[in-house]
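Worksheet: the structure to be examined is printed underneath.
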Amino acid sequence: MGSCCECMKNFFGRQKNTNVRVSLPAVCFVWQIAMIILFGVFIRYDEESDARKWIEHKRDHNITSDIENDFYFRYPSFQDVHVMIFVGFGYLMTFLKRYSFGGVGFNFLIASFGLQWALLMQGWFHSLDPNTGKIYIGVESLINADFCCAGSLIAYGALLGKVSPVQLLVVTLFGITLFAVEEFIILDLLHCRDAGGSMVIHAFGGYYGLAISWVLYRPNLHQSKRLDGSVYHSDLFAMIGTLFLWMFWPSFNSAITDHGDGQHRAAINTYIALASSVLTTVAISSMSQKRGKLDMVHIQNATLAGGVAMGTAAEFMITPYGSLIVGFCCGIISTFGYLFVSPFLEKYLKLQDTCGVHNLHALPGMLGGFVGAIVAAAATESVYSAQGLINTFDFEGEFANRSVGTQGGFQAAGTCVAIAFGLVGGAIVGFILRFPIWGDPADDNCFDDEVYWEVPEDEETIPPVLEYNNHMIHKHQDISESNFSVEQS
Amino acid sequence: MGSCCECMKNFFGRQKNTNVRVSLPAVCFVWQIAMIILFGVFIRYDEESDARKWIEHKRDHNITSDIENDFYFRYPSFQDVHVMIFVGFGYLMTFLKRYSFGGVGFNFLIASFGLQWALLMQGWFHSLDPNTGKIYIGVESLINADFCCAGSLIAYGALLGKVSPVQLLVVTLFGITLFAVEEFIILDLLHCRDAGGSMVIHAFGGYYGLAISWVLYRPNLHQSKRLDGSVYHSDLFAMIGTLFLWMFWPSFNSAITDHGDGQHRAAINTYIALASSVLTTVAISSMSQKRGKLDMVHIQNATLAGGVAMGTAAEFMITPYGSLIVGFCCGIISTFGYLFVSPFLEKYLKLQDTCGVHNLHALPGMLGGFVGAIVAAAATESVYSAQGLINTFDFEGEFANRSVGTQGGFQAAGTCVAIAFGLVGGAIVGFILRFPIWGDPADDNCFDDEVYWEVPEDEETIPPVLEYNNHMIHKHQDISESNFSVEQS
Amino acid sequence: MGSCCECMKNFFGRQKNTNVRVSLPAVCFVWQIAMIILFGVFIRYDEESDARKWIEHKRDHNITSDIENDFYFRYPSFQDVHVMIFVGFGYLMTFLKRYSFGGVGFNFLIASFGLQWALLMQGWFHSLDPNTGKIYIGVESLINADFCCAGSLIAYGALLGKVSPVQLLVVTLFGITLFAVEEFIILDLLHCRDAGGSMVIHAFGGYYGLAISWVLYRPNLHQSKRLDGSVYHSDLFAMIGTLFLWMFWPSFNSAITDHGDGQHRAAINTYIALASSVLTTVAISSMSQKRGKLDMVHIQNATLAGGVAMGTAAEFMITPYGSLIVGFCCGIISTFGYLFVSPFLEKYLKLQDTCGVHNLHALPGMLGGFVGAIVAAAATESVYSAQGLINTFDFEGEFANRSVGTQGGFQAAGTCVAIAFGLVGGAIVGFILRFPIWGDPADDNCFDDEVYWEVPEDEETIPPVLEYNNHMIHKHQDISESNFSVEQS
């Protein structure tokens, strides 16, 4: 039966060549060498991580203690974000019964490449020093690079199991590039605030992945249906991802907000919103199933929707009960998405979304953008104080005279920009990925680690009959097996 | 056999209706809406997380740097505690072979509801501003809310696999309420110190769960015996929980202690005590088994006893070797508990304690309370300095003249209060849970995720006989099967 | 077959007695009691964790805020390091199909004993106060103790599955002792810098383990070949270890570097180097396999090589692209090690290295030592500033006049010292471990948790034939079994 399996693979393999033995190493080496050259030309330590400059900086700014180094404000949050990117996103994508290596492994590959390219792209757009032509990096740059990867990892969620690692590196290259551009437009030109990235990360990343998946529609994906589901232990691995995302989301939304009250408030708001999402997710999940049974897909995903939707508003004075309301609604909306919208998208829009990123990222991200717009427009001096408004919305320089109402309008516009970038960029990248050179799997070969990984032989995976025979032959040669063995051969 | 299984379920299901399709969503929605209303009325940002107030606070207190915000003192510890609550407690309860979804999933539900209710309850009792009638929250409130949940999660450990999610929400509602009251009595009225909660969290939570479990005694629980155990991989999932609890326990015990030396010392003491517990747990576990084999139950649980027992004394000057001694003793006591006390309780006291919370929380928590009392009573000015004594024991205001001996007495009294609240409160809640409306499982249906979860079909879960026959029927219909069976027998 | 298995075990067991029921508890108790006594004699809180001394320290140094306590500089990094030691190393060693309990469990035991002994050994060598005869500990001591354990855990990687827990405790006792001595020579006498321990931790630990393994060579280890491999889910558990090591390595390399720019720079450099390692590991792994498939062994291990190799240089001004180059090369070298060097070592040098610590720790650690030497020798005042050079290389006191060139030479010498200590110390410890009193497993019994653990009966592990028969005998004794198939269908 092993050989039979092999034979069927070869048969279908004729249509698709999944051999990446040349392309994958080539892409990795070329891009990594490019990174080394570009880092050599452009990237330097900033004034807080450079041995000479930190001494000068302390002297120039009358700083008496090293604790004022931005490292101590941001590093704990950075590490939490880092865990979310690699363990959170990675393990969340291990839920498929036989694509867990691909889930966590390709996530690892994408993020490791993406963060390097992000340091460059974000540096060119946000922090290139015009005098020296250099990009100066510190801990905040690392956080931003991780954020930038999140966009591409979200897109991976929609493509999980259906693309090759080479395709994923292409998705990441373009994803990071598009991210840096839309982020520049939204944060710098439109002067939006989006500390936790409802717009720039989640709405963009979600629609980017959905557009790619739409272009790569596989009409015969049902041929892989046997593998498109979880087993008991793969669901438990996925819960590790869910929980690390859920627990560290307050750090995600507060990691690059203002020192002091900004970080503090963003963490509180996110913590509260997430708690609320869990309750409504459980409620809707239970209502939707026979005998009120809970569905692991909902628990693994929709519980996180409150964090996504607080990405923009978390640093504002949304109030604790405002956060609860956002989490309440998003838990419901996201669970309904898994129940009704995903099947609808697949059936009528020909959109196959493996992890349901529409329900977890795209839609809550968009909602989060609009929530941010409303909360910004509703800001008052009595609540924030005059200085607080300036601090929170960064009304300085050319934006010193912007009103909160205008700010709200720009926030809403920013959300639309993020979605547009995701959809258009994703469609273009999708067409690039349709060239038959990338080594993607055949329709009956999706969701299968065997294609790109050396998978250990597992007693559990060998069908009992076969194993039975092996044992028989091995151990019971002395007994009359003639009837049995004959019909097997 | 699948249908046979179904049929048996229906047969026994007649006694118990485990359908929670109405009750679970109803409870979730009603309580979550209540939370929104109560948060709207009562909860506001405190002076360190509010945009206006932080600016005023810095001005009024001559604070020059945002690093003085309590966020930077407490947030790293908060995140560690958060991981303990959701991953630590959650995965520790995945050890059962077929109740891992319930272990980690209901833990998630309980804690998410509990922390909201805790913010309110603890706020009313500890930080309600009498002028404004508002509760002001900051990062320390979040830590306390997580702590408060821990009490109910400990209680869940005793009930694991035997109750419905609706019952668990009831356990949590009352658990949080009782916690806030006993905490008010112990910390505010008796003026005890209990930073890591040996008394208020572990002794209370442990006895609360045991009392509930005692009232809910199931004489025919042996009917579920087939599921009351672990498999290889479920033990590995449980070890994830164990290790995150073990590693972050220094953060747990230091999270809300005094800034500076208090946090520093609490972390060191807990680190040391835990290391010592591991060695004695291994020793006793090995002594107790044939050929010196180790038992995963002990390694997963008793290694943590040192952390529980240091909950009160960690912030005191217990000395490093004092911490070692506490860990040494508690590792032994806790492992003996698993070996002898749990079977005794089940047999003679009719107390079924799934996770052995008696040995991990109740008993070490009680011991920790008394250790704290002794260490407090032994405090001297030569060791702490006069100011150090005031800082450590908070001898200010109406307690300015309390002696350390008196403090020790009150610490011991506080331990008794915690136990009393746990036992009496748990007994009452247990009786409430005996109403036949909560959807709890039948005696032969415990420890089974099938009851409350959509469980994926797993090749591994289908008994081999059935699978064998299925394959036979499917593939060998053409052969005479009578021969086959004969040569097998 | 259960009894057959048992019988074979007894047969081979005659050669080897794996009963540790006396020796393991005895060693644990004796050593833990010794720790208590030695801690009582020697160990005290330092000036930042002592109630009295912190007040005096603040007064004497005009410190106005508790945030200046070293706790707030180091504690987040400490917790990350702690996770690496217990979850990172622990789960990385769960990859074997039936030695996961031993992997994570004995790792837990080793580290818990080791950190206590390390506090003493490192205290005696580095921080014994000559006036009081006491060792004063704070958070930096805890980090150093964890580092010290890492050396012995690396050695365990080479021995995984082939030694008894008693032997491991002996390995740890000597490992910690040797570590403290070589660290004293390298850091204090040679005045090397090695914040992330390329030399003192990785090169030493790696060669220590390899030398022990070489002495304990088992010519008939192939008899355990059936267990010397992974299964699908054990690889996923191992990836948890890999990712936590990978993510927190920036904290590892920056945990004890200079406050301010030192910690900041070390974290950035390590983050960058690790990202680069992932790409080249994937490239070489893919190139080496049929159809470009990735090998989990490489992804789990070689991706970390960049972090190991940056252990010394991370705190220097190696520049971001320098870090990329180090990661680039080490990913390649380490993967080649798994492909070619490990088989070579086993075949020609009779060296069995279960986890391939040669490729992950020994070789990259040695390279890291030399990279550090080169970067140190290339340091200039124009890059660091005069004060920056003094801060970074600690050119104070008797070393005030050392040139960077000299420093480079000493760094290289330090690397050789570490390797020599590892090889010689390991060989001696190996011979000690060959006494037939330690309860190590027989050659056909390696990589098997059954030897030292109570392993739960797992449906999956029982071969279907046996289970089939068991069910037959158990359930159908009353029926004529020739009819059996008939009545099932």
Side-chain angles (χ1 to χ4, degrees), chain B residues 67-68 72-73 76 80 229-233 235-236 239 243 246-248 251 259-261 263-265 267-268 271 275-276 278-280 282-283 286-287 289 291-296 299 317 320-321 324-325 328 383-385 387-388 392 460 464-465 468-469 473 481-482 484-486 488-489, chain C residues 19-21 24-25 28-29 32 35-36 39-40 43 45 48-52 54-55 65-67 69 71 75-76 79 82-83 86-87 90 94 100-101 104-105 108-109 112-113 115-116 137-139 142 233 237 452-456 458-460 464 467-468 471-472 481-482 484-485 488-489:
Chain B
I67 198 87
E68 298 280 339
Y72 302 103
F73 287 90
D80 294 348
S230 63
V231 290
Y232 197 68
H233 281 165
D235 268 329
L236 280 172
M239 271 304 282
L243 287 176
W246 194 92
M247 295 180 303
F248 288 162
S251 299
H259 290 176
D261 66 294
Q263 281 191 276
H264 203 151
R265 188 166 57 248
I268 293 172
Y271 171 90
S276 178
V278 175
L279 275 276
T280 50
V282 166
S286 175
M287 277 171 67
Q289 304 284 342
R291 304 186 62 75
K293 293 186 183 188
L294 297 170
D295 189 328
M296 261 290 168
I299 307 299
M317 294 285 289
Y321 70 91
L324 275 186
I325 293 169
F328 186 93
V383 169
Y384 288 78
S385 80
Q387 184 60 41
T392 305
E460 294 125 77
V465 176
Y468 171 77
N469 283 320
I473 292 154
E481 288 195 342
S482 55
F484 172 65
S485 316
V486 169
Q488 284 294 310
S489 52
Chain C
N19 191 332
V20 292
R21 194 170 177 180
L24 182 58
C28 286
F29 272 124
Q32 190 57 56
M35 289 301 112
I36 292 175
F39 269 54
I43 296 203
Y45 304 118
E48 316 216 35
S49 55
D50 185 284
R52 162 190 286 279
W54 174 241
I55 293 170
S65 168
D66 283 319
I67 198 86
N69 194 300
F71 182 79
Y75 191 70
Q79 275 296 4
H82 215 41
V83 171
F86 289 88
V87 163
T94 58
S100 305
F101 286 10
V104 68
F108 193 19
L109 175 62
S112 298
F113 165 65
L115 63 87
Q116 299 177 52
I137 61 168
V139 65
L142 307 190
H233 282 164
F237 281 112
Y452 302 114
W453 295 85
E454 295 286 327
V455 178
D458 237 66
E459 337 36 308
E460 294 126 76
E467 184 138 310
Y468 172 78
H471 275 91
M472 285 302 105
E481 290 199 345
S482 56
F484 171 65
S485 320
Q488 283 292 314
S489 53

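Below, read A as the first sequence line, B as the second, and so on, with proteins coming before strands; counting in each chain starts at 1.
There is a side-chain donor-acceptor pair under 3.5 Å between C/Gln79 and B/Ser251.
Side chain of C/Ser49 to backbone of B/Arg265: no donor-acceptor contact under 3.5 angstrom is found. In this structure a side-chain-to-backbone donor-acceptor pair under 3.5 Å is present from B/Thr392 to B/Gly388. Under a 3.5 Å cut-off, the side chain of C/Thr94 and the backbone N or O of C/Ser100 do not form any donor-acceptor pair.
Both the backbone and the side chain of C/Glu48 come within contact range of chain B, each with at least one heavy atom under 4.5 Å from a heavy atom of that chain. The contact between C/Ile55 and chain B is made entirely by side chain atoms (from C-beta outward), counting heavy-atom distances below 4.5 Å. Looking at C/Asn69, the atoms closer than 4.5 Å to chain B (heavy atoms on both sides) all sit in the side chain, from C-beta outward. Heavy atoms of B/Gln289 lying under 4.5 Å from chain C belong to its backbone as well as its side chain.
Interface summary for chain B: among C/Ser65, C/Cys28, C/Pro25, the most heavy-atom pairs under 4.5 angstrom belong to C/Pro25. In terms of heavy-atom pairs under 4.5 angstrom with chain B, the leader among C/Phe113, C/Trp54, C/Tyr45 is C/Tyr45. When C/Gly90, C/Gly105, C/Pro76, C/Gly40 are compared by the number of non-hydrogen pairs under 4.5 Å with chain B, C/Gly40 comes out ahead. Contact tally against chain B (heavy-atom pairs below 4.5 Å) for C/Leu109, C/Asp66, C/Val20: the top residue is C/Asp66.
For B/Tyr321, the OH atom sits in a loose shell: 12 or fewer heavy atoms of surrounding residues, nucleotides or ligands are nearer than 6.0 Å.
Between C/Phe108 and C/Phe86, the angle of the ring planes goes over 60°, which puts this pair in the perpendicular group of the 30/60° scheme.
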